[in-house]
Each structure stands twice: as C-alpha cells, then as structure tokens.
Protein chains: 2
Amino acid sequence: MEIGKEINSRFKSPQQKVVVNIRFTSNWMSNLQNGFMSKFDLTMPQFNILRILRGANQAINVNTVKERMIEKSPNTTRLMDKLIEKGLINRIRCEKDRRVVYVEISMKGLDVLSEIDKTFDDHSFFINKLNDDEAETLSNLLDKLRD
Amino acid sequence: MEIGKEINSRFKSPQQKVVVNIRFTSNWMSNLQNGFMSKFDLTMPQFNILRILRGANQAINVNTVKERMIEKSPNTTRLMDKLIEKGLINRIRCEKDRRVVYVEISMKGLDVLSEIDKTFDDHSFFINKLNDDEAETLSNLLDKLRD
DNA sequence: CAAATATAGTTACCGTGGTAATATTTACAA
DNA sequence: TTGTAAATATTACCACGGTAACTATATTTG
C-alpha cells in the first residue's frame, strides 16, 4: 500500500514523504514484531537483550549490553528487571569493581530463545518482499540520509 | 555513518540489516525532531496535531484528527489535553450529536505554528542528504517492504 | 416503544524511550 | 593523602503508543 493513501495527507516533496514513511514503516514493523513476541510473553526490546546475551557467550556488564542496543540508556536496567522477574537472565555483582554489574542469560532464557528460533527470523518473518539488492539499496539510502 | 558500526553487531542478511536500520533511522529522526520542537515547548505528536488542525481550516471532530495521524487511537485525546492546557487548541461539543467533540486550532496555536514555520521544514531541516530521486526510491522500497 | 447494538470519545493499564538527578565506587591529581 | 573528577548503574519524572474497558449518546430493530 502506498503511504500517501494510508495517512490522509499529501506531501510537498519526496524528502518530506520519506520522513513520514520511515516512521510509518518502523511503527508497522514494531507492531508485527511485538504481536509475534507476545506469544512468548516477551517484547522486542526484551528479546533483543536476550539475543545480545546469548551472542556474548558469557556474562557481560550492563554497559556492554547498552552499547549493543539500538536504544540506549536507563531502559536497559528496567528491561533487565523484567527479564530477571521471569527468570530469563541473572545479575552478578563484580567483586573487583563493585560499581559493575554483570548479566548473563539463564538456561530458561536459552530455552525460550531456541523456542522462538523455530519460527522467528528477522528477515523471513515479515520481510520477504525485498530481494538482497533492494534491501541493500534501502539500507544504503538510510545511511546516506543520516550522513 | 554505517549502521553496522553504530550498533556493534553483524547481520546475517541485507534483509535483517534493513529491519534494524529502519528502526534506528526512525529513532534518529525522532530525536532530532523532538530536540527541535522542545524549543517551542512542543513534542512532534503535538506539533502534528496542530498542523492537521491548521490544514483543516475549520473545527473537525476527534475521529477525523485520528485518521490523519500516523499513530491512531486514544493518544489523540491525551495529546489534545496537553494542547488545550497550553491554550493552543479549543474543544467544542457538538450540539446535534452530543457524542461528538470538535477541535480547532486557536489564535495562539496559529502563532506558534507560524513561528515554527520560520525555521522548520520537514525535509530541509535534517533531510538534505538525499536528492529527489533517492528520496523517491527510498519511499518506494519502504512501500514494497510493507506490501 | 424497548432492548440490543453501534459509535464517539475517554480513561486505565501496561510497556516503552529520553533527560536528568542520584548513589556508589573508583581513579586521578595537587 | 585527600579532595575532586569520572565511571557504573539505578531511579525519578515525563511523554509516548497500544489494547482493552468504560461512559455517554445515538441508531437500529424486534
């Protein structure tokens, strides 16, 4: 569907249209993703933290997790609070530097992830409309826009 | 800056990368926009409602405003609450159908908008890195992705 | 007409993101 | 060494988006 029809408005320029379209598309993706994740009692940000921790293959501190996330800052702590409540990750205080807190994914967390893996795939899940070249072009244009 | 460097991770496919990139870019734009708007004690969603009401050229009901927004639903009411507090819009109950509430932009609201107009432009504000063709291509790819 | 249904708008609840302020702890430098 | 600055994580506060419940009113229908 074309963006101009979905939100009832006209655009003065391709640049203006693309700004709205990016926001609209981002929103559209989030809705799809969250809808999928809700089946596992997770949200996308929570899922992303789990994936980061699995990818780390070891306990890493909160700052490192932050750096690997799209959205930074205090939310990391709060998201991890939720994951701890669900028993999907563990917090470990560092003894050497008592400011530092390490986090690791738990067995239960790994189980949940592997369950999700069976049906979830970032690109095949809902992005099957673009081929490799188109996806590359899109990414490059986004990079250029932010340059 | 290339997306892969900003968030420390690798991507399995162009499709996976583009999903993250869209979200990242959308976020990046929101930050810029909100930073700009804060000078006028407004947020982007509030600004959008003001623009919709100015564009309408008359009092319109809440539902119509909703339809013209990117994000739908109850937030419209809450956003309008804030705008009313600031005296930028007026609420008017419909006498014929007492369920309906009309909203219009106030003089003060128009003043604020015209003040913003002096320096704000959706595309020239921060989107000056893409030419018309590139912006069109980007929009078309986003449309195709959501198809 | 009366009851059921639909519509417009609002409110509640939850989860999120962002800035700034706050310990707490460590590192550094006069 | 001791006072100041920096780093780490957390918390508080505010604004947003989404689903669902709710209120009030209007419409439909039996």
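Throughout, a chain's letter reflects where its sequence line sits, starting with A, and its residues are numbered from 1. Quantities reported herein were computed from a predicted structural model and do not represent experimental measurements.
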| query | Between C/dG9, C/dG17, C/dA12, which one does the side chain of B/Pro74 approach most closely? | reply | C/dA12
| Cut-off 3.5 Å, side chains only: do B/Arg146 and A/Asn21 have a donor facing an acceptor? | yes
| Within this structure, what is the CG-to-P distance between B/Asn63 and C/dT7, rounded to whole angstrom? | 11 Å
| query | Given atom NZ of A/Lys66 and atom P of D/dA7, what is their separation to the nearest angstrom? | reply | 13 Å
| said: Check B/Arg91 with B/Asp81, please: is the shortest side-chain N to carboxylate O separation under 4.0 Å? | reply: yes
| query | Just to confirm, is there a sub-4.0 Å distance from OP1 or OP2 of C/dG17 to any side-chain nitrogen or oxygen of A/Asn75? | reply | yes
| note | Closest to the side chain of A/Val100, out of C/dG17, D/dT8, C/dG9, is D/dT8
| said: Whole angstroms only, please: what is the CZ-P distance between B/Phe47 and D/dA15? | reply: 19 Å
| said: When you measure from the side-chain N and O atoms of A/Asn27 to the phosphate of D/dG18, is any distance below 4.0 Å, counting only OP1 and OP2? | reply: yes
| Starting at the 5' end of DNA chain C, which residue's closest nucleotide do you reach first, B/Val62 or A/Pro45? | B/Val62
| task | Determine whether B/Leu142 and A/Phe24 make a side-chain contact, defined as any pair of heavy atoms from C-beta on separated by less than 4.5 Å. | result | no
| task | Using only heavy-atom distances, determine whether the side chains of B/Asp132 and A/Gln15 contain a donor-acceptor pair under 3.5 Å. | result | yes
| query | So which nucleotide from D/dC16, C/dT10, D/dA9 ends up closest to the side chain of B/Thr43? | reply | D/dC16
| For DNA chain C, whose closest nucleotide is more 5', that of A/Lys82 or that of A/Asp97? | A/Lys82
| In whole angstrom, what separates A/Ile49's CD1 from C/dG17's P? | 9 Å
| request: Would you mind telling me which of D/dA26, C/dT10, D/dT8 lies closest to the side-chain atoms of B/Arg91? | output: C/dT10
| query | The side chain of B/Arg99 lies closest to which of these nucleotides: D/dC16, D/dG18, C/dA6? | reply | C/dA6
| message | Do A/Leu53 and A/Ile92 sit in one hydrophobic cluster, given that two such residues count as connected whenever their side-chain heavy atoms are within less than 4.5 Å of each other, even indirectly? | response | no
| Starting at the 5' end of DNA chain D, which residue's closest nucleotide do you reach first, A/Met80 or A/Asn31? | A/Met80
| remark: Taking C/dT10, D/dG17, D/dT25 as options, the one with an atom nearest any side-chain atom of A/Arg23 is D/dG17
| task | Just compare D/dT11, D/dA26, C/dT11 and give me whichever is closest to any side-chain atom of B/Asp81. | result | C/dT11
| message | In whole Å, I'd like the distance from the CZ atom of B/Arg78 to the P atom of D/dA15. | response | 12 Å
| request: Nearest whole angstrom, please: distance from the C1' of D/dC14 to the CD of B/Gln46. | output: 12 Å
| Could you give the CG-to-C1' distance, from A/Leu79 to D/dT10, as a whole number of Å? | 13 Å
| query | What integer distance in Å separates A/Leu42:CG from C/dC14:P? | reply | 18 Å
